[in-house]
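These numbers come from a predicted model, not from an experiment.
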Amino acid sequence: VGIDPVIPILNMIKDENAVVVIKFDGERNFNTKNESGPFTVLISNGKLKDNYIKYELWSLEEAVIKAIIEYSDLFWKI
């Protein structure tokens with residue numbers, strides 16, 4: 001499915017003056033499952049001020065969803 005269904009949610013976060021970064025890291029070793037995977041999702045600034053939310057995982061979809069859930073738990077109280 002990919003992350004297309006949650007792009008509107010990432011835009012909502014961006015609209016709250018946050019920065020949303022999705023990184024594909026080709027320098028990480030794909031043959032060894034170390035603790036951090038090749039996909040990084042970072043949310044910073046805006047309501048987070050000097051804090052940030054960051055996930056480095058082996059699944060892009062999982063990293064995006066975890067970041068959105070953490071942000072929403074902090075600020076949207078849904």
Trainee: Can you sort out the partners of N11 under side chain to side chain contact (heavy atoms under 4.5 Å, CB included), two or more places apart, ordered by chain and number?
Mentor: I7, K14

Trainee: Begin with the C-alpha distance, continue with both residues' side-chain angles, and end with the deciding distance and a verdict on side-chain contact (heavy atoms from CB on, under 4.5 Å) for Y52 and I43.
Mentor: CA-CA 6 Å; Y52 62 89; I43 302 173; over 6 Å; no

Trainee: Does the side chain of L42 reach to within under 4.5 Å of the side chain of V20, using non-hydrogen atoms?
Mentor: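 In short, these two side chains do not touch, never coming nearer than 4.5 Å.
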
Trainee: Mind checking the CD-CG spacing from E61 to D4? Nearest 0.5 Å is all I need.
Mentor: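 E61 CD to D4 CG: 10.0 Å, rounded to 0.5 Å.
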
Trainee: Same cluster or not: M12 versus V6, using hydrophobic residues (I, L, V, M, F, W, Y) connected whenever any side-chain heavy atoms lie under 4.5 Å apart?
Mentor: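 Linked, M12 and V6 end up in one cluster.
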
Trainee: From D15 CG over to I9 CD1, what is the distance, rounded to the nearest 0.5 angstrom?
Mentor: 12.5 Å

Trainee: To the nearest 0.5 Å, what is the distance between NZ (K49) and OG (S44)?
Mentor: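 Separation between the atoms: 14.5 Å.
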
Trainee: Between atom CD1 of I65 and atom CG of L60, what is the distance when rounded to the nearest 0.5 Å?
Mentor: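 It is 9.5 Å, given to the nearest 0.5 Å.
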
Trainee: Is there a path of hydrophobic side-chain contacts, each under 4.5 Å between heavy atoms of I/L/V/M/F/W/Y residues, joining I22 to L57?
Mentor: yes

Trainee: What side-chain donor-acceptor pairs closer than 3.5 Å can you find for residues 67-78, not counting sequence neighbours?
Mentor:
unit_1 : atom_1 : unit_2 : atom_2 : d
E70    : OE1    : Y55    : OH     : 2.6
Y71    : OH     : E16    : OE1    : 2.5
W76    : NE1    : E16    : OE1    : 3.4
W76    : NE1    : E16    : OE2    : 3.0
K77    : NZ     : D73    : O      : 3.0
K77    : NZ     : L74    : O      : 3.4

Trainee: Grouping I, L, V, M, F, W and Y whenever their side-chain heavy atoms are under 4.5 Å apart, do F24 and V21 come out in a common cluster?
Mentor: no

Trainee: Working to the nearest 0.5 angstrom, can you tell me the gap between N45 CG and D50 CG?
Mentor: 8.5 Å

Trainee: What's the separation between atom CD in E56 and atom OG1 in T40, rounded to the nearest 0.5 Å?
Mentor: 4.0 Å

